[in-house]
Amino acid sequence: MGSLHGGLTSSLIDSMGSLALSSKGLWMTGVSTDISVTFVRGAMVGEEVTIKGEVVGQGKTLAYTRVDIFNSDNGKLLAYGSHTKYIAQALKSDKNIKISDDGETEL
């Protein structure tokens, strides 16, 4: 073994997709309806990774995210994934907040 396990990579795609969505002000991020992971190359124990997640689309019922996992030292892509969330109920939460487009300020 000694490498980043595929199940953990999938879990990171799941979690980071949800965090990307919560960065848009949602208190709860809904439920997963679809998740896809593509493994490009492995990461060995001790290697640092960088994970980037973004919301690529959001409507009244569904949100779509993209997550990329890179080797921090050389920038090579290790894995990428997409994550679709059902958010209709989450959008109704009174705990949601409004955030500026740049993500820096609560409105």
Side-chain angles (χ1 to χ4, degrees):
M1 283 256 173
S3 63
L4 181 60
H5 188 274
L8 178 58
T9 301
S10 298
S11 182
L12 289 169
I13 300 292
D14 184 7
S15 296
M16 288 304 295
S18 294
L19 287 171
L21 192 52
S22 68
S23 75
K24 300 297 184 185
L26 291 183
W27 174 256
M28 300 181 315
T29 60
V31 297
S32 299
T33 62
D34 182 60
I35 189 165
S36 173
V37 181
T38 299
F39 305 98
V40 178
R41 63 180 46 86
M44 301 309 291
V45 170
E47 291 183 19
E48 290 188 23
V49 300
T50 300
I51 306 170
K52 178 185 174 193
E54 65 179 322
V55 177
V56 294
Q58 181 178 332
K60 294 179 182 178
T61 59
L62 295 174
Y64 307 91
T65 67
R66 158 93 185 203
V67 178
D68 296 316
I69 302 176
F70 301 94
N71 178 297
S72 296
D73 292 330
N74 60 27
K76 289 185 178 180
L77 183 66
L78 303 174
Y80 61 92
S82 60
H83 188 197
T84 305
K85 305 274 293 199
Y86 175 75
I87 59 168
Q89 295 302 315
L91 289 174
K92 297 176 185 177
S93 175
D94 60 354
K95 294 183 179 181
N96 293 341
I97 60 173
K98 294 193 185 289
I99 298 177
S100 62
D101 288 338
D102 64 6
E104 297 295 322
T105 308
E106 182 178 346
L107 305 175

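- Rounded to the nearest 0.5 angstrom, Ile87 CD1 and Leu21 CG are separated by 5.5 Å.
- Residues Thr65 and Val55 have side chains in contact (heavy-atom distance under 4.5 Å, counting atoms from C-beta outward).
- Through direct or indirect side-chain contacts shorter than 4.5 Å among Ile, Leu, Val, Met, Phe, Trp and Tyr, Trp27 is connected to Met28.
- Judged by distance alone, with hydrogens and angles left aside, the side-chain atoms of Ser11 form no donor-acceptor pair with the main-chain N or O of Leu8 at under 3.5 Å.
- In this structure, NZ in Lys24 is found 8.5 Å from CD in Glu54, a value given to the nearest 0.5 Å.
- Considering all non-hydrogen atoms of both residues, Ser10 and Val37 come closest at OG-CG2, 3.7 Å.
- Cluster annotation: Met44 and Val40 are assigned to distinct hydrophobic clusters (Ile/Leu/Val/Met/Phe/Trp/Tyr, side-chain heavy-atom contacts under 4.5 Å, transitive).
- Contact detail for Thr9 and Ala79: the closest heavy-atom pair is CG2-CB, 3.7 Å.
- Every residue two or more places apart in sequence or in another chain that forms a side chain to side chain contact (heavy atoms under 4.5 Å, CB included) with Ser32 is listed here: Asp14, His83, Lys85.
- Members clustered with Ile99: Ile97, by chain and number, using a 4.5 Å side-chain heavy-atom cutoff among hydrophobic residues.
- In the hydrophobic clustering of ILVMFWY residues, with side-chain heavy atoms under 4.5 Å counting as a link, Leu78 and Met16 come out together.
- Residue Ile51 is not grouped with residue Leu77 when hydrophobic side chains (ILVMFWY) are merged at heavy-atom distances under 4.5 angstrom, including chains of intermediate members.
- Not counting sequence neighbours, the partners of Thr33 by the side chain to side chain contact (heavy atoms under 4.5 Å, CB included) test are Leu62, Thr84, Tyr86.
- A 4.5 Å side-chain heavy-atom check between Glu47 and Asn74 finds every atom pair outside the cut-off.
- The side chain to side chain contact (heavy atoms under 4.5 Å, CB included) search around Ser22 returns Leu19, Thr29, not counting sequence neighbours.
- Residues Ile69 and Tyr80 fall into different hydrophobic clusters, defined by Ile, Leu, Val, Met, Phe, Trp and Tyr side chains chained together at heavy-atom separations under 4.5 Å.
- Ser93 contributes atom OG, which lies 8.5 Å from atom CG of Leu26 (distance to the nearest 0.5 angstrom).
- Here Ser72 pairs with Glu48, Thr50 under the side chain to side chain contact (heavy atoms under 4.5 Å, CB included) rule; sequence neighbours left out.
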